[in-house]
Structure formats: structure tokens, C-alpha cells
Peer 1: 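There's a structure below that I have some questions on.
Atoms within a ligand are numbered from 1 in the order they appear, just like the ligands themselves.
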Amino acid sequence: MADKIKTTRTKELEFGGSIGALLMLIFLPGTVLYLLLTCNTADASVFQVPGPLPPLETLWNPFALTLLLGWMSLQAVLYMLPMGTIAEGITLRDNSRLRYKINAFYAFLVSAVLAGVAVTLRVPLSYVYDHFLEFAVASGIISLALSIFLYIKSLAAPESALAPGGNSGNPLYDFFIGHELNPRIGSFDLKYFCELRPGLIGWCLINLCFLMKDIELRGSASLSMILVCGFQGLYVMDALWHEEAILTTMDIVHDGFGFMLAFGDLCWVPFTYSLQAYFLVRHPQELSTLAAIGIVLLNAVGYIIFRGANSQKNAFRRNPSDPSVTGLETIPTATGKKLLVSGWWGLVRHPNYLGDLIMALAWSLPCGLGHILPYFYVIYFTGLLIHREARDEHQCLKKYGLAWQEYCKRVPYRIFPYIY
Ligand SMILES: NC(=O)C1=CN([C@@H]2O[C@H](COP(=O)(O)OP(=O)(O)OC[C@H]3O[C@@H](n4cnc5c(N)ncnc54)[C@H](OP(=O)(O)O)[C@@H]3O)[C@@H](O)[C@H]2O)C=CC1
Ligand SMILES: CC(C)=CCC[C@@H](C)[C@H]1CC=C2C3=C(CC[C@@]21C)[C@@]1(C)CC[C@H](O)C(C)(C)[C@@H]1CC3
């Protein structure tokens, strides 16, 4: 059956095609190095001319590489343990549906217990802070090695297993975007595993290491550090608790697994999303109780919108007669599916992005208003979500045609009400 499926070449190339992909291969690792090096300077200013790269031998740390490989192996073992439930992904081009293990939250709990034991036994977790750049380089090497393996593996995959967006025929582009949609070794799904576990749980562990460094330097963790670690911990736990929901995201459904996601999941997320906590160790900030209350409220507003919107859509897609969504107004489409046009999805066309961006701002505010660097996440994330929204809009217009145009008329703003 799989052999009979016709080759569909990707015609619309993203990120500026193969030249853009080549630039991103340099730009993404370069940005991680730049951010961490700048954060480590006395004034953490983005306006200073970047200094020269430290000697290569100081960036290479085999112990850091071994620890990262150990961490990934631990997460792989937790993924494979017979705990949790099984969910089915969406129907693929060959009409099959892949089965996925749902146990990421358990993996988080076990990891949290192990981290608690490490703290109790006074394992020097601050080592991660002291050698952070070396860990980032080691993680970049792992991501590159994984991407090369994935590309070679994809050359032997049947046409039906290739990603709709990563089959351009240009090796550089396909290597970057990802050639194979759901690469697996037996039942071990490499993309699904990397998307939520080593990097996302690792991000929390990294934050904990920075919090321990803060305690080591000052005797106690600052309020700013506690807020940043608390907010980001909540975000990661939420993602793991709702693990099944990523089975319908464009990363799993449309994008292949190549350098972009491998590097994004394993290096970009843990080493740039933790920038605020990294910044706070060297550049501690005083925060008044009133400011802290305001920031907590802002994060709560963002979280309510983010979770409300994602849960409303997931409930509606799973079962349109679910009591939580039956009162909502909808638009029918030619595909038989409906579009929500009231509730969160009647406010803007991507309310979940709005909530996510509000939270992103709340994660940077504890770092004060004196530096741009800790606002990197909000700035990058705004760009990422605007680009993602445009990609999704394009797909929805193709899928739903006139019904999507009607939705756009009824809900004219994309992410920010009355602004964009
Ligand atoms: N922290 C991070 O780095 C990142 C976080 N995210 C977050 O991930 C989450 C998921 O985002 P993402 O995967 O981009 O996309 P969404 O969860 O927003 O899903 C988009 C899909 O939802 C469906 N949809 C759109 N409008 C409607 C409507 N009115 N009624 C019903 N269904 C609708 C369409 O699919 P269909 O009709 O086929 O169901 C559309 O393709 C978001 O909260 C985002 O903020 C995303 C990227 C990075
Ligand atoms: C250009 C570039 C830096 C590309 C890499 C992008 C990736 C870092 C992101 C693409 C989609 C992501 C998602 C999450 C993390 C970032 C990446 C991998 C996510 C796991 C974060 C937690 C959320 O709750 C989520 C599960 C909805 C989300 C899914 C998408």
C-alpha cells in the first residue's frame, strides 16, 4: 500500500529555501553562543560589540557531553517504561495511525524526585551554571549528530513516510526542515520523544541548577529567581500534563524531524529559554512585593487564556458535543469539520498564542527593565508565533477555503485584539 502512494514534492519552500536553511544552520547555534556569552559579561549589554569566541578547547567538555547523554538515556528509559496510557495520532497518508506512549508527566515526577535526592545529597548542581556554555556546545553537537542520523535514515524511508513540508528534493533544505515525518526505531518515536522530554524537562532542571547557584552565592534564592523558575516550571508541567495535545500540532502532523526541530528541542529550548534564570545569577534584581504581585497576576492572565483556548479547541476537536463547548457558535466547513467562532476563538484567531506571549512577558519582567537580553524570549517568540500563525493561516485557507474566509471576516484580528 505504502509503495503505491505518489511522490509529492514540497513546492513551497519556507525560511527562504535552501539559502535560508543554510543561514539558519549557522544563525541558530551562533545565537545560542552569542546570548550566553553576552549574558556572562559584566553589563550584559546587547549594544556592545561581541567579543571574540573563547578558545575552542575551553568550549569542549567531554564530561558535560557524558552528562547530557546520560540525561537523554534516563529520559529514554522513562519513556519506554510500561507506565501511562497509549494514544493514537492522526490518520497518516497511508491511512495508518501511529500509537504513542502518554507518560511524560510521570517522567517529570521521577526526574523531580531524582533532582530532590541530588539536592538533599548536596550534589554540586551549580556545576551546570559554571560550565553552561560547554553544556550548550555539547548539546549542539548531539543535535547535529542526531540530525545527520535522521537524514541518512530518511533516505531509506518509503515515500509515504516523508514529511509533506520536507520533501523538496534539495538535500540541504530537507536536512534542515526534516525529511521523514515520524522517524521511529521500533516503536520508539524520535520526534515525539525529543519534543517534550529531554529538552523541556531539562529546562526545568537547568533552572533548578541556577536557583541552587543563587543560593550558593547569596544564601537564599531571590524573589525574581523564584518567580521565573515557578512560572516556567508551571508551563513545562502543563505541557507534559496535556502531552496528548501535541499529537495534532503542526510539528508532529506536518513538519519532518530534521535539524530545525532536533536543535530546537535539544539545544534551543533548554539553553535559551532558561536565559532569564541564567541572567539573574550574575545580575540579581530587587523586586518589590507589589511588582511581584503584578507579575504573578500577568502570568495568571496569560495562563488562563493559553490553557482556556487550547483546552477549548482540543475538547471541540475531540468531541463537538462535549458539554463544555456545546453553547459555542460555529461555522460549518466543506470538510465536515466546524470552526469555533465564539468563546476564546471568537476573540482573535490565535488566542492560545496571545496567552503564551503574555506569559512570556511575565517571565522576563522579574529581570527588571534595565536590560534587553532577558527579553530575548518575548522578542524571538513574537517573531516565531507571527511566522507560525502565517503558516497555519495558509494551511487553513487551503483546507477550509470559503469557510476560513468567513471566519477571518467574523474574527478579524490574528493574535492581538485591535492591533494585529
Ligand atoms: N513555547 C514555545 O516555544 C512554543 C509554544 N507553542 C504553543 O503551542 C500551542 C499549539 O500551537 P500550534 O501547534 O501552532 O497551533 P494551534 O494549537 O493554534 O492549532 C492550529 C489549528 O487549530 C485549528 N483551528 C484554528 N482555528 C480554529 C477554530 N476557530 N476552531 C477550531 N479549530 C481551529 C486548525 O486545525 P484543524 O482545523 O485541522 O483542527 C489549525 O490548524 C500554542 O499554545 C502555542 O502558543 C507553539 C510553538 C512554540
Ligand atoms: C527557528 C527555530 C528556533 C525553530 C525551533 C522551534 C522550536 C524551538 C519550537 C517549535 C514548536 C515548539 C513547541 C514547544 C517548544 C518549542 C518548539 C519545539 C512546546 C513543546 C512548548 C510547550 C507548549 O506547551 C507546547 C507543548 C504546546 C509546545 C509545542 C510546540
Side-chain angles (χ1 to χ4, degrees), residues 14-15 20-21 24 27-29 31-32 90 104 143 176-178 191-192 194-197 199-200 203 232 234-255 258-273 302-303 305-318 320 325 328-331 333 335 337-360 363 377 380-381 383-385 387-389 391-400 403-404 407-408 410-411 414-415:
E14 300 183 56
F15 298 101
M24 292 291 265
F27 173 77
L28 292 178
T31 305
V32 177
I90 61 146
S143 314
F176 176 73
I177 290 281
K191 181 168 64 170
Y192 177 67
C194 288
E195 180 98 354
L196 282 186
R197 291 151 194 262
L200 222 53
W203 171 19
Q232 298 186 347
L234 169 76
Y235 186 69
V236 169
M237 282 194 278
D238 175 274
L240 303 178
W241 183 259
H242 297 97
E243 182 180 13
E244 207 175 323
I246 74 153
L247 296 179
T248 53
T249 59
M250 68 172 88
D251 311 273
I252 300 291
V253 171
H254 181 266
D255 293 342
F259 182 84
M260 183 176 80
L261 271 186
F263 186 82
D265 291 339
L266 301 180
C267 187
W268 186 265
V269 167
F271 292 91
T272 70
Y273 285 25
Y303 181 73
I305 301 177
F306 165 83
R307 179 53 28 230
N310 278 326
S311 294
Q312 198 166 66
K313 176 168 68 75
N314 292 340
F316 182 68
R317 279 287 173 253
R318 257 201 314 272
V325 290
L328 297 174
E329 218 185 313
T330 58
I331 301 179
T333 76
T335 66
K337 270 185 175 178
K338 289 178 178 164
L339 290 168
L340 287 168
V341 74
S342 68
W344 289 116
W345 296 82
L347 176 70
V348 282
R349 297 206 293 276
H350 258 107
N352 47 354
Y353 291 2
L354 174 67
D356 225 338
L357 285 168
I358 294 175
M359 282 192 285
W363 301 350
Y377 179 68
Y380 133 82
F381 200 38
L384 179 99
L385 290 184
H387 177 248
R388 210 171 157 92
E389 194 276 337
R391 285 177 83 196
D392 190 52
E393 190 91 0
H394 185 67
Q395 299 290 341
C396 287
L397 188 61
K398 271 209 292 203
K399 253 188 301 189
Y400 301 126
W404 187 259
Y407 178 49
C408 294
R410 298 271 302 269
V411 184
R414 295 163 189 261
I415 302 178

Peer 1: Phe259 vs Phe263 aromatic rings, parallel, tilted or perpendicular, using cut-offs 30° and 60°?
Peer 2: parallel
Peer 1: Which residue supplies the protein heavy atom nearest to atom 39 (O) of ligand 1, what is that atom called, and how far is it?
Peer 2: Arg317 NE, 2.6 Å
Peer 1: With a 4.0 Å heavy-atom cut-off (strictly under), which part of Tyr235 contacts ligand 1: side chain, backbone, both or neither?
Peer 2: side chain
Peer 1: Would Arg414 and Asp392 count as a salt bridge (charged side-chain N to carboxylate O under 4.0 Å, His left out) if you check the C-alpha gap in whole Å, the side-chain angles of each, and the deciding distance to 0.1 Å?
Peer 2: CA-CA 11 Å; Arg414 295 163 189 261; Asp392 190 52; over 6 Å; no
Peer 1: Does any N/O atom on Asn310 come nearer than 3.5 Å to any N/O atom on ligand 1?
Peer 2: yes
Peer 1: Nearest protein heavy-atom contact for atom 2 (C) of ligand 1: which residue, which atom, what distance?
Peer 2: Phe381 CE1, 3.2 Å
Peer 1: In terms of residue, atom name and distance, what is the protein heavy atom nearest to atom 15 (O) of ligand 1?
Peer 2: Tyr353 OH, 3.7 Å
Peer 1: Does Trp344 come within less than 4.0 Å of ligand 1, judged by its heavy atoms?
Peer 2: no
Peer 1: Do any nitrogen or oxygen atoms of Tyr273 lie less than 3.5 angstrom from nitrogen or oxygen atoms of ligand 1?
Peer 2: yes
Peer 1: Indicate yes or no: does Glu243 engage Arg197 in a salt bridge with an N to O separation below 4.0 Å.
Peer 2: yes
Peer 1: Given Asp356, Leu339, Leu200, identify the one with the heavy atom nearest to atom 27 (C) of ligand 1.
Peer 2: Leu339
Peer 1: Would one find an N or O of Leu340, backbone or side chain, under 3.5 Å from an N or O of ligand 1?
Peer 2: yes
Peer 1: Looking only at the aromatic ring of each residue, does the gap between the centers of Phe306 and Tyr235 stay below 6.0 angstrom?
Peer 2: yes
Peer 1: Flag atom 8 (O) of ligand 1 as yes if some protein heavy-atom distance to it falls below 4.0 Å, otherwise no.
Peer 2: no
Peer 1: May I ask whether atom 28 (C) of ligand 2 is less than 4.0 Å from at least one protein heavy atom?
Peer 2: no
Peer 1: Work out whether the distance between some heavy atom of Lys337 and some atom of ligand 1 is less than 4.0 Å.
Peer 2: yes
Peer 1: Counting only heavy atoms, tell me which of His350, Gln312, Arg388 gets closest to atom 13 (O) of ligand 1.
Peer 2: Arg388
Peer 1: Around atom 37 (O) of ligand 1, find the nearest protein heavy atom and jot down its residue, atom name and distance.
Peer 2: Tyr400 OH, 2.4 Å
Peer 1: Identify which of Arg307, Lys399, Lys313 has a heavy atom lying nearest to atom 35 (O) of ligand 1.
Peer 2: Lys399
Peer 1: Heavy atom of Leu384 under 4.0 Å from ligand 1?
Peer 2: yes
Peer 1: Give the ring-plane orientation class for His387 versus Phe15, where under 30° counts as parallel, over 60° as perpendicular and anything between as tilted.
Peer 2: tilted
Peer 1: Please determine if Arg388 and Asp356 form a salt bridge, counting it only when a charged side-chain N lies under 4.0 Å from a carboxylate O.
Peer 2: no
Peer 1: Give me the residue, atom name and distance of the protein heavy atom closest to atom 34 (C) of ligand 1.
Peer 2: Cys396 SG, 4.0 Å
Peer 1: Short list, please: which atoms of ligand 1 are under 4.0 Å from a heavy atom of Thr249?
Peer 2: 13 (O)
Peer 1: Which residues pass the ring-ring contact (aromatic ring centres under 6.0 Å, His included) test with Trp203, not counting sequence neighbours?
Peer 2: Tyr273, Trp363
